[in-house]
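What follows is a set of notes on a single structure, which appears directly below.
Here, residue 1 is the first one in the sequence, and each next residue gets the next number. Since we're looking at a predicted model, the values are computed, not measured.
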Amino acid sequence: QVQLVESGGGLVQAGGSLRLSCTFSGRTFNSYTMGWFRQGPGKDRYLISAISWTGATYYGDSAKDRFTISRDVAKNTVYLQMNNLKPEDTAVYLCAATTRTGLQSSEYDYWGQGTQVTVSS
């Protein structure tokens with residue numbers, strides 16, 4: 001059974017940065033595409049970035065030019081570096097894993113509990 005544990009959220013002022021981490025355990029990390037989703041209050045969760053086991057990356061419009069996804073195979077961890085944060089980035093950020101393409105939330109089989117990111121203006 002895959003387990004995912006996120007960390008790194010918190011309160012930051014607009015224009016600031018945070019790095020989220022997601023530690024993977026239970027299966028072979030390199031077999032999975034990893035995704036970062038966010039879910040604002042009263043909103044659906046949606047994919048903001050993903051990285052395949054080959055290192056190919058995807059960024060949604062809200063993440064382009066500000067966020068960077070990466071993975072450290074030795075540490076079984078995926079990161080999301082978030083720069084120039086805006087108040088509209090405030091949300092719960094969730095890590096997820098799939099053995100499929102990973103461009104749809106329905107493809108993800110395993111989810112973390114999420115970490116809160118709050119950006120003040």
Quiz item: Looking only at heavy atoms, which two atoms of Ser21 and Trp36 are closest? And how far apart?
Solution: O-CH2, 3.6 Å
Quiz item: Can you name the closest pair of heavy atoms from Phe29 and Asn76 and give their distance?
Solution: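 Result for this residue pair: CB-OD1, 3.5 Å.
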Can any side-chain N or O of [X] pair as donor or acceptor with the backbone N or O of [Y] at less than 3.5 Å?
X      : Y      : value
Glu107 : Gly102 : yes
Glu6   : Cys95  : yes
Arg71  : Ile51  : yes
Ser52  : Ala56  : yes
Thr77  : Lys75  : yes

Exercise. Could you pull out all residues at least two apart from Arg27 that satisfy salt bridge (charged side-chain N to carboxylate O under 4.0 Å, His left out)?
Key: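 Arg27: no salt bridge (charged side-chain N to carboxylate O under 4.0 Å, His left out) contacts found.
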Exercise. Look at the aromatic rings of Tyr108 and Phe37 and report parallel, tilted or perpendicular, splitting at 30° and 60°.
Key: perpendicular
Quiz prompt | Whichever hydrophobic residues join Leu11 through chains of side-chain contacts under 4.5 Å | solution =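 Cluster partners of Leu11: none, it stands alone.
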Practice problem: Please go through Trp53's hydrophobic cluster and name the other residues, only I, L, V, M, F, W, Y counting, with side-chain heavy atoms under 4.5 Å joining them. | Solution: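 Members other than Trp53 - counting any ILVMFWY side chain reachable under 4.5 Å - there are none.
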Quiz item: Is Arg38 close enough and on-axis enough to Tyr93, meaning under 6.0 Å and within 45°, for cation-pi?
Solution: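 Judged by the rule (NZ or CZ under 6.0 Å from the ring centre, within 45° of its axis), Arg38 is not positioned above Tyr93.
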Quiz prompt | Among Val119, Val117, Thr118, the one residue meeting side chain to side chain contact (heavy atoms under 4.5 Å, CB included) with Leu18 | solution = Val117
Practice problem: Test Asp109 against Arg100 for side chain to side chain contact (heavy atoms under 4.5 Å, CB included), laying out the working first. | Solution: CA-CA 9 Å; Asp109 302 304; Arg100 289 168 279 183; 2.7 Å; yes
Self-check item: Val78 vs Asp72 side-chain heavy atoms within contact, under 4.5 Å
Solution: no
